[in-house]
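One structure below.
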Amino acid sequence: MAMAVANCCFSLLTYTVKFRCCVSSQRYLAKSHHSIASVTCKAVVNHKRRPSSNRDGELKEGVSQKKSSRKSKDERSYILDDDDGIRGKRKAGRSQSAAFKSFGGQRKDKKEPKFDMKEQQVEPQNLKDAAFLDAVVKVYCTHTEPDYSLPWQKQRQYTSTGSAFMIGNGKLLTNAHCVEHYTQVKVKRRGDDTKYVAKVLARGVDCDIALLSVESEEFWGAEPLEFGCLPRLQDAVTVVGYPLGGDTISVTKGVVSRIEVTSYAHGSSDLLGIQIDAAINPGNSGGPAFSDQGECIGVAFQVYRSEEVENIGYVIPTTVVSHFLNDYERNGRYTGFPSLGVLLQKLENPALRACLKVNSNEGVLVRRVEPISDANRVLKEGDVIVSFDDVNVGCEGTVPFRSNERIAFRYLISQRFTGDVAELGIIRAGSFIKVKVVLNPRVNLVPYHVDGGQPSYLIIAGLVFTPLSEPLMEEECEDSIGLKLLAKSRYSLARFKGEQIVIVSQVLANEVNFGYEEMSNQQARYL
């Protein structure tokens, strides 16, 4: 019996992608990245963020069929696909296992099966299905992650597979975590045995989307996929990709369960997401999700794992995909989703509203303002935001969404682009005023991802200085970092642009640093 674990998934503008309908721009509440999430975001393969103490469940993302024997220091679980075809699971931490079982017993009458060798007729709808399935390709990526404990070197490389699909103009779309720390990316079409080298044009870490291109003309030929609008609840959805369990294309079906602002495990961001009950397994990430009309409604990218729930997968909707592609087209590179730069609190308590002189049942309270954000110029702690671009914000931090739904205030912000100006209606000391704020991406004092891939470092007299980052904390284990550094990484805000928390990660023993050999992971006050 083959053993395997379904741990997670890896798997419009001037492009020939067509949006047949659109969604009215609707809304959400911009919380700080340091706020405690209601679920645990845990990366399985490439993303190395350590899970929080929440034990209810985990949001996971990863790639399938990892072919490395490299050991892990954290609690990640890997799906392996050995060269001999026997699949197993390597674990470090809590064990999760599942088995593929064959259903049905053996027939007592041992009659030989009969096959009709005549050419079968193909129905028109099957031809249509084959047309859009041909646009889905398999991604082969070789990764080389940095060694954050020894920042001057890299770790041993490993390979993984995921999914992608054609969107026109020689472009492919996949997940950012499928090509994280890539050194080589190759793609293979359905029904072909030739792999083609792909180039990574852009990676959106916060939205977990990557844009690829293939120069070889022989690779192209299939029709690009058409993007549809946001689906409705209970709409049928079909997920296509190359997941664990085989080498050929796989199709799973389900329905749309929920549409709301969702925590993205890879980028630690909160953007619109579609929850579905169709199976999403390692290797599905980067693959498209289709509606009954054959339109792509999003990109499969993560699942929710818990003993108390089942069949919860997530799809990146076309609104987020469109934002990513338009951002890349506008700037020639990806700049990211903007942020308001404030930490907000719900305003449900009547006594609190009365204290703030808010007469209506609306608005959210400004608790903190990021010093380096443009909001610090016009907003103050204690202000109450009651509208965003003339859209009223409820006391729970929600705004109207579609016909009879409400969605988090953050959704409104995510629909804007870097550098856009938003008009806020606020109540300050009982008076209503309007202010304008320039929206820019959030800059974390302790980054979740290291730009450029390789961390910076400085060695003086054997003392190794390096900036504190989430990957470093994950690699070193939080127990060795210390409570003070952990508190700063979770709750501190950058006071000026370019500010970093620099630590002495270790001391390389030498006669000049005699007596300091055991120092490690201590914050440096001055350099």
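Every value quoted in this text rests on a predicted model; they were computed, and no experiment measured them. Just the heavy atoms: all of them, side chains too, but no hydrogens, waters or symmetry mates, feed the values below.
- Checking side-chain atoms of Glu329 against main-chain N and O of Leu325 turns up no donor-acceptor pair under 3.5 Å.
- If you take CD on Glu145 and NE2 on His181, they are separated by 5.0 Å, rounding to the nearest 0.5 Å.
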- Task: Go through Val179 and Arg203 one step at a time and tell me if the side chain to side chain contact (heavy atoms under 4.5 Å, CB included) criterion holds.
- Result: CA-CA 8 Å; Val179 293; Arg203 289 181 64 249; 4.0 Å; yes

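- In this structure a side-chain-to-backbone donor-acceptor pair under 3.5 Å is missing from Gln500 to Leu445.
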Atom pairs and distances, side-chain donor-acceptor, residues 427-437, under 3.5 Å, sequence neighbours left out:
from   : atom 1 : to     : atom 2 : distance (Å)
Arg428 : NE     : Asp383 : OD1    : 2.9
Arg428 : NE     : Asp383 : OD2    : 3.4
Arg428 : NH2    : Val378 : O      : 2.8
Arg428 : NH2    : Asp383 : OD2    : 2.8
Lys434 : NZ     : Asp390 : OD1    : 3.1

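- Taking every heavy atom of both residues into account, Ile372 and Ala494 meet most closely at CG2-O, 3.7 Å.
- Residue Ser339 holds its OG atom at 9.0 Å from CG of Asn440, rounded to the nearest 0.5 Å.
- For Val320 against Cys207, the heavy-atom pair with the smallest separation is CG1-CB, 3.8 Å.
- Distance CD1/Ile385 to CD1/Ile426: 7.5 Å, rounded to 0.5 Å.
- Ring-centre distance between His143 and Tyr182: not below the 6.0 Å cut-off.
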- Query: Between Thr335 and Asp327, is a side chain to side chain donor-acceptor pair (under 3.5 Å) present by the stated rule, with each step listed?
  - Reply: CA-CA 7 Å; Thr335 61; Asp327 188 356; 2.8 Å; yes

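- Side-chain atoms of Gln454 and Pro146, non-hydrogen and from C-beta on, do get closer than 4.5 Å to each other.
- Between His266 and His177, the distance from one ring center to the other falls under 6.0 angstrom.
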- Stepwise side chain to side chain contact (heavy atoms under 4.5 Å, CB included) test for Ile297 and Leu230: CA-CA 7 Å; Ile297 62 170; Leu230 278 177; over 6 Å; no

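- A distance of 9.5 Å separates CD in Glu295 from OG1 in Thr318, rounded to the nearest 0.5 Å.
- Of all non-hydrogen atoms in Gly294 and Phe290, the two that sit nearest each other are O-CD2, 3.6 Å.
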- Going through the distances and angles, do Glu362 and Ser360 end up as a side chain to side chain donor-acceptor pair (under 3.5 Å)? CA-CA 6 Å; Glu362 62 182 0; Ser360 58; 2.8 Å; yes

- Item | Pair Tyr334-Phe324, ring pair (Phe, Tyr, Trp, His ring centres under 6.0 Å): steps then yes or no | CA-CA 7 Å; Tyr334 178 69; Phe324 169 84; 5.0 Å; yes

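- Panel note: side chain Asp235, backbone Val256; no donor-acceptor pair is recorded below 3.5 Å.
- Judged by distance alone, with hydrogens and angles left aside, the side-chain atoms of Asp206 form no donor-acceptor pair with the main-chain N or O of Gly267 at under 3.5 Å.
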- Message: For Phe417 and Phe337: C-alpha separation, side-chain torsions, deciding distance, then whether ring pair (Phe, Tyr, Trp, His ring centres under 6.0 Å) applies.
- Response: CA-CA 6 Å; Phe417 291 89; Phe337 280 77; 8.1 Å; no

- Begin from the C-alpha positions of Glu475 and Gln155 and carry the test side chain to side chain donor-acceptor pair (under 3.5 Å) through to its verdict. CA-CA 12 Å; Glu475 195 167 286; Gln155 299 183 19; 2.9 Å; yes

- Task: Check step by step if side chain to side chain contact (heavy atoms under 4.5 Å, CB included) holds for Val384 and Val366.
- Result: CA-CA 6 Å; Val384 177; Val366 177; over 6 Å; no

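- Note that OH of Tyr264 is 5.0 Å distant from CG of Leu271, once rounded to the nearest 0.5 Å.
- When side chains are defined from C-beta on, Leu379 counts as touching Val342, because their heavy atoms get closer than 4.5 Å.
- When only modelled atom types and interatomic distance are considered, Gln506 and Ser149 share no side-chain donor-acceptor pair under 3.5 Å.
- Distance CD1/Ile316 to CD1/Ile274: 10.0 Å, rounded to 0.5 Å.
- Each of Thr174, Ile280, Asn175, Ile209 was evaluated against Phe301; a single residue qualifies, Asn175, per the side-chain contact (heavy atoms from CB on, under 4.5 Å) test.
- Residues Val369 and Lys380 share a closest heavy-atom pair of CG2-C, 4.4 Å.
- The shortest side-chain heavy-atom distance between Val364 and Cys395 does not fall under the 4.5 Å cut-off.
- Applying the side chain to side chain contact (heavy atoms under 4.5 Å, CB included) criterion to Gln275, with sequence neighbours excluded, gives Ser257, Arg258, Ile312, Tyr314.
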- Given Arg353 and Asn359, is the side chain to side chain donor-acceptor pair (under 3.5 Å) satisfied, shown in steps? CA-CA 7 Å; Arg353 291 201 300 270; Asn359 299 323; over 6 Å; no

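- Between Glu381 and Arg367, none of the side-chain N atoms (NZ, or NE/NH1/NH2) sits under 4.0 Å from a carboxylate O, so this pair counts as no salt bridge.
- Between Leu173 and Val321, some side-chain heavy-atom pair lies under the 4.5 Å cut-off.
- Residue Leu439 comes nearest to Ala422 through the heavy atom pair CD1-CB, 4.1 Å, listed as atom of the first residue, atom of the second, then distance.
- A salt bridge between Arg416 and Asp389 is present, with a side-chain N of the basic residue lying under 4.0 Å from a carboxylate O of the acidic one.
- When all heavy atoms of Ala279 and Thr252 are compared, the closest pair comes out as O-OG1, 2.9 Å.
- Between Val446 and Asn444 the shortest side-chain heavy-atom distance does not fall below 4.5 Å.
- Side-chain contact between Ser456 and Pro467 is present, with heavy atoms from C-beta onward closer than 4.5 Å.
- Contact annotation: the side chain of Lys171 approaches that of Leu201 to within less than 4.5 Å [non-hydrogen atoms, C-beta and beyond].
- Taking 4.5 Å as the limit, some side-chain heavy atom of Val299 sits within range of a side-chain heavy atom of Phe165.
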- Task: Apply the test side chain to side chain contact (heavy atoms under 4.5 Å, CB included) to residues Leu472 and Ser469: give CA-CA distance (whole Å), side-chain angles for both, the deciding distance (0.1 Å), then the verdict.
- Result: CA-CA 5 Å; Leu472 174 61; Ser469 64; 3.5 Å; yes

